[in-house]
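So the structure is just underneath, and the comments pick up after that.
Index from 1, following the sequence. This is a predicted model, so every value here is computed, not measured.
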Amino acid sequence: MKKLYAILLALALTLSLAACGSSSGGDAQQSGGNDAQQSSDAGSGSGDAQTPPDSGSGDVITVGFAQVGHESDWRTASTKSAQDVFSAENGYELAFVDCDNDPAKQLEAVRNFIQQGVDYIIIDPIVATGWDTVLTECEDAGIPVIVIDRTVDDSDKYVSWVGSDFKVEGLACGEWLKAYAADKGITEINALVIEGSVGASATIGRTDGFKEIADREGWNILASQSGDFTEAGGQEVMESFCQSYKGQFNVVICQNDNEAAGARTAMDTAGITYGVGGDVILVSFDANKPYVQMVCDGKINANFECNPMAAPTVSDIIQQLEKGETPEKEVYVSEHWFAAEDNVTSITVNGETQEVIHATQDVVDARPY
């Protein structure tokens with residue numbers, strides 16, 4: 001709406017000038033209209049642009065969202081959160097693109113948003129690098145960018161990042177495993193890790209965090225391989241692990257819930273027991289409600305939340321920008337750790353004591369996603 005108002009105002013001005021000039025005014029009108037559009041785009045959403053006098057009736061804020069894809073239950077929850085928040089009822093118009101885990105498609109989606117002249121762009125980056133050029137283009141167009149979930153490592157040309165501390169998630173997993181093993185009298189850890197998508201910041205953070213604890217404690221990571229954050233990928237990797245490391249492992253770390261589902265299928269087929277009372281400690285990340293239920297049922301030993309509900313915080317940031325305020329550069333969402341047993345009630349991560357929640361049925365029923 002802000003753009004439309006600025007464009008109409010500029011066109012009205014150029015038309016009035018053309019009426020007083022010669023026949024060459026047609027060219028001046030076209031040029032003046034383009035300049036007005038560029039000026040409007042450059043100020044869009046920055047908080048510096050003039051607000052139309054009748055803005056009290058409610059301008060529509062246009063938002064372009066370049067989502068990673070639909071590879072997991074977590075991603076579905078993230079998308080639904082955005083669609084619920086950036087709705088017409090809330091004063092938004094959402095342009096949504098599922099980039100299907102294709103980095104080139106995601107860059108194209110962002111450039112299309114620039115061409116459309118949206119007010120704000122949200123990006124959940126498929127990979128952490130290769131962003132500086134297109135973020136510069138957003139900056140030149142005057143369109144603020146908000147990054148969610150995964151991080152951008154090669155540019156700071158975005159207003160805010162909203163998401164999880166993935167390394168803390170990995171550290172929490174390691175600290176919980178240390179405490180759990182000590183309580184159970186397990187003296188040797190031989191772990192297999194099913195990583196997420198290669199190059200994703202979630203994969204990097206969780207891998208680095210867990211490995212830091214593993215190196216400190218002298219654990220043996222037998223193998224670490226990408227399952228691409230999918231159930232099929234988790235099953236394929238686990239099937240290979242079951243053949244290559246039969247009888248050698250007692251821990252499986254899956255970097256998201258869907259991979260854990262695939263790993264369970266592979267271990268079931270191979271006759272390997274896991275979970276509470278099983279031969280293998282199975283750990284997952286994300287903590288989607290069906291998988292917290294699996295923790296409650298003892299099929300997964302522990303699950304470390306990655307909160308997908310970034311959209312309400314992003315909306316708060318947009319409203320700050322609309323008022324001309326400067327939001328925080330990094331905003332962390334709140335997260336929790338869940339365990340099937342109540343033998344480990346807290347862990348210390350980076351010097352901070354954090355609660356480990358016993359996943360009872362009441363806890364599961366209260367989960368929002």
What closest approach, in Å, do [X] and [Y] show between heavy atoms, and which atom pair accounts for it?
X	Y	value
A223	Y245	CB-OH, 3.5 Å
A261	Y291	CB-OH, 3.8 Å
G227	V237	CA-CG2, 4.1 Å
A66	A109	CB-CB, 4.3 Å
A260	I300	CB-CD1, 4.4 Å
K329	D156	NZ-O, 2.8 Å

Decide yes or no for [X] and [Y]: does some side-chain heavy atom of the first lie under 4.5 Å from some side-chain heavy atom of the second?
X	Y	result
D257	F229	no
L107	W131	yes
C306	F166	yes
L321	T326	no
S315	F86	yes
T345	E355	no
T265	M238	no
S201	D153	no

May I ask whether [X] and [Y] are part of the same hydrophobic cluster, defined by side-chain heavy atoms of I, L, V, M, F, W, Y residues being less than 4.5 angstrom apart, directly or through others?
X	Y	value
V251	I272	no
V283	V168	yes
V162	F65	yes

Is a side-chain donor or acceptor of [X] paired with a backbone partner of [Y] at a separation under 3.5 angstrom?
X	Y	result
D102	A104	yes
T348	G351	no
S244	S240	yes
S226	G196	yes
S87	Q83	no
H358	A340	yes
D154	G130	yes
S78	W74	no

Going by atom types alone, do [X] and [Y] pair a side-chain donor with an acceptor below 3.5 Å?
X	Y	answer
D279	T273	yes
Q106	Q67	no
Y369	N307	no
Q235	E239	yes
S164	E335	yes
Q320	D316	no
Y180	E341	yes
Q354	W337	yes
N190	E188	yes

Mind checking the [atom1]-[atom2] spacing from [X] to [Y]? Nearest 0.5 Å is all I need.
X	Y	atom1	atom2	answer
K211	L171	NZ	CG	12.5 Å
I213	I189	CD1	CD1	12.5 Å
I357	D342	CD1	CG	13.0 Å
E236	E231	CD	CD	13.0 Å
K105	N112	NZ	CG	11.0 Å

Run the salt-bridge test on [X] and [Y] with the 4.0 Å N-O cut-off and return the result as yes or no.
X	Y	value
E195	R206	no
K157	D132	yes
R264	E259	no
E175	R216	yes

Determine whether the aromatic ring centres of W176 and F210 lie less than 6.0 Å apart.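 Centroid separation for W176 and F210: 6.0 Å or greater.
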
Test side chain to side chain contact (heavy atoms under 4.5 Å, CB included) on V364 and K289; report intermediate values, then the result. CA-CA 6 Å; V364 175; K289 187 172 184 176; 4.3 Å; yes

From the options D98, D124, N258, select the one residue that forms a side-chain hydrogen bond (donor to acceptor under 3.5 Å, both in side chains) with R75.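 Among D98, D124, N258, the one that satisfies the side-chain hydrogen bond (donor to acceptor under 3.5 Å, both in side chains) with R75 is D124.
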
Can you tell me if E328 has over 12 outside heavy atoms packed within less than 6.0 Å of its CD?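 Count not over threshold, so no.
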
Would you call the rings of Y332 and W161 parallel, tilted or perpendicular, taking 30° and 60° as the class edges?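 Plane angle over 60°, so perpendicular.
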
